[in-house]
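Everything on this sheet refers to the single structure shown next.
Chain naming here is simple, since letters A, B, ... match the order of the sequence lines and numbering starts at 1 in each. Computed over heavy atoms, backbone and side chain alike; hydrogens, waters and symmetry mates excluded.
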Amino acid sequence: NFLLTQPHSVSESPGKTVTISCTRSSGSIASFNVQWYQQRPGSSPTTVIYQDNQRPSGVPDRFSGSIDSSSNSASLTISGLKTEDEADYYCQSYDGIDWVFGGGTKLTVL
Amino acid sequence: EVQLVESGGGLIQPGGSLRLSCAASGFTVTSNYMTWVRQPPGKGLEWVSVIYTGGGTFYADSVKGRFTLSRDSSKNTLWLQMDSLSAEDTAVYYCARVRPAAGIDYWGQGTLVTVSS
């Protein structure tokens with residue numbers, strides 16, 4: 001199996017832009033879709049990005065996703081940060097049958 | 001409206017068994033991929049198992065041989081039978097609907113399983 005490595009935490013000020021990385025340890029990041037989930041304290045996760053860069057309906061366009069084959073990583077970018085964006089963010093991908101989640105990144109908006 | 005409601009969690013002794021259920025509404029369980037994801041207290045998400053529309057099931061190595069995922073079309077419900085439980089299985093268990101090759105689109109509220117003597 002492979003690992004998805006995320007920074008443990010990131011912080012940024014309201015109105016700014018933050019990018020959270022998700023690096024795949026083996027196999028190509030482009031081989032399987034990457035999803036991003038947001039989990040606010042005390043709540044179930046919700047999907048903010050699917051299939052690398054697609055936003056579900058209802059997710060603001062401040063959220064965007066991308067992949068970079070050169071670094072074998074995926075990224076979640078949140079622009080125009082709001083205090084309500086403060087949450088844990090998890091990337092997720094596949095290895096054929098198996099699912100793998102990243103360890104999660106705590107985003108603090110201060 | 002799509003809804004997923006888990007139940008069956010609780011306190012169980014090491015070595016014991018528990019069956020979680022996930023009642024679905026707003027869609028048909030057998031026409032969708034469904035998955036269970038767990039989250040130990042204060043930790044990250046961990047994939048547990050998936051069932052495909054054809055009935056095929058797959059499990060994480062950490063639960064293989066101990067957990068069994070099944071579904072009941074008449075009740076539109078998903079079941080997770082968990083045997084030989086250990087403290088490492090303590091977690092909130094989420095039931096979720098999967099879009100093929102696109103991850104999870106709906107999550108349940110979760111049910112807490114605590115394995116302790």
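- Using a 4.5 Å cut-off between heavy atoms, B:Ala102 touches chain A through backbone and side chain atoms alike.
- The two atoms that bring A:Tyr90 and B:Gln39 nearest to each other are OH-NE2, 3.3 Å, heavy atoms only.
- Note: B:Tyr52 OH to A:Ile97 CD1 = 6.5 Å, rounded to the nearest 0.5 Å.
- Using a 4.5 Å cut-off between heavy atoms, B:Val37 touches chain A through its side chain atoms alone.
- Following chains of ILVMFWY side-chain contacts shorter than 4.5 Å, one can reach B:Leu45 starting from B:Val92, so the two form part of one hydrophobic cluster.
- For B:Tyr106 (side chain) and A:Thr46 (main-chain N/O), no donor-acceptor pair under 3.5 Å exists by modelled atom type.
- If you chain together hydrophobic residues whose side chains sit under 4.5 Å apart, B:Leu78 and B:Val50 never meet in one group.
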Stepwise side chain to side chain contact (heavy atoms under 4.5 Å, CB included) test for A:Gln51 and B:Arg99: CA-CA 10 Å; A:Gln51 288 181 339; B:Arg99 278 186 294 198; over 6 Å; no
Under the side chain to side chain contact (heavy atoms under 4.5 Å, CB included) rule, what do A:Val100 and B:Trp47 come out as? Steps first, then yes or no, please. CA-CA 7 Å; A:Val100 175; B:Trp47 174 69; over 6 Å; no
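- Taking both residues in full, the closest heavy atoms of A:Tyr37 and B:Ile104 are given as OH-N, 3.0 Å, listed atom of the first, atom of the second, then distance.
- Under the 4.5 Å side-chain contact rule for hydrophobic residues, B:Ile51 and B:Phe58 do not share a cluster.
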Mind running side chain to side chain contact (heavy atoms under 4.5 Å, CB included) on A:Trp99 and B:Val48 for me, showing each step along the way? CA-CA 9 Å; A:Trp99 291 43; B:Val48 173; over 6 Å; no
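- Under a hydrophobic clustering in which Ile, Leu, Val, Met, Phe, Trp and Tyr are joined whenever their side-chain heavy atoms come within less than 4.5 Å, directly or via other members, B:Met34 and B:Met82 fall into the same cluster.
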Test side chain to side chain contact (heavy atoms under 4.5 Å, CB included) on B:Asp105 and A:Tyr50; report intermediate values, then the result. CA-CA 9 Å; B:Asp105 59 354; A:Tyr50 68 96; over 6 Å; no
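- With A:Asn33 contributing its side chain and B:Ala101 its backbone, the two residues share a donor-acceptor pair below 3.5 Å.
- In plain terms, the two heavy atoms of A:Ser44 and B:Gly110 that are nearest each other are OG-N, 4.5 Å.
- A donor-acceptor pair under 3.5 Å links the side-chain atoms of A:Tyr94 to the main chain of B:Gly103, judged by distance alone.
- Atom CD in A:Gln39 sits 4.5 Å away from atom OH in B:Tyr94 (nearest 0.5 Å).
- In terms of non-hydrogen atom pairs under 4.5 Å with chain B, the most contact-rich of A:Gly102, A:Gly104, A:Pro45 is A:Pro45.
- For a residue to count as touching a neighbouring chain, one of its non-hydrogen atoms must lie under 4.5 Å from one of that chain's; by this rule B:Ser49 does not touch chain A.
- Proximity to chain B is absent for every atom of A:Ser93, based on heavy atoms less than 4.5 angstrom apart.
- In this structure, B:Val29 is a member of the same hydrophobic cluster as B:Leu20, with clusters built from ILVMFWY side-chain heavy atoms closer than 4.5 Å.
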